[in-house]
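Structure first, commentary second.
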Amino acid sequence: MHDLLVTLLTLVPLDATPTPQQPVGPSGAGNGFAATVVLGGFFGLGLIVLAAVLTSMRPKRHDPRDTPPPRPRPR
């Protein structure tokens with residue numbers, strides 16, 4: 001599982017910040033570049049937290065006290 005996550009995270013480019021296609025107009029109205037960067041940051045942070053949670057999970061160990069005693073064999 002850890003190897004799969006590391007492989008997937010290496011495929012994501014780290015310098016994938018979007019570049020504005022059009023300059024800001026003279027009226028002062030932006031083209032949404034800042035909103036894209038903020039939302040992309042939250043998305044990236046969510047992926048990092050998800051990867052950290054998944055890599056820190058441990059398998060649950062079987063508790064022998066949870067199993068019922070064996071049934072007696074019929075005679």
Side-chain angles (χ1 to χ4, degrees):
M1 182 72 175
H2 179 266
D3 296 335
L4 176 68
L5 285 175
V6 169
T7 304
L8 288 177
L9 289 176
T10 55
L11 295 176
V12 177
L14 296 178
D15 58 346
T17 56
T19 57
Q21 278 77 21
Q22 301 171 358
V24 176
S27 63
N31 56 0
F33 174 71
T36 303
V37 170
V38 170
L39 288 177
F42 280 121
F43 183 72
L45 183 63
L47 284 177
I48 291 171
V49 169
L50 178 67
V53 167
L54 288 177
T55 56
S56 68
M57 289 174 55
R58 302 266 190 249
K60 293 183 179 179
R61 300 209 180 266
H62 176 69
D63 190 8
R65 293 175 290 178
D66 290 340
T67 59
R71 294 186 343 197
R73 295 178 63 182
R75 295 190 176 217

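What you are looking at is a predicted structure, and each value in this text was computed from that prediction instead of being measured.
Expressed to the nearest 0.5 Å, how far CG of Leu45 lies from CG of Leu50 amounts to 11.0 Å.
Across every non-hydrogen atom of Ser56 and Val53, the tightest pair is OG-O, 3.1 Å.
Judged as a side chain to side chain contact (heavy atoms under 4.5 Å, CB included), and not counting sequence neighbours, Leu39 has no contacts.
Through chains of ILVMFWY side-chain contacts below 4.5 Å, Val38 is grouped with Phe42.
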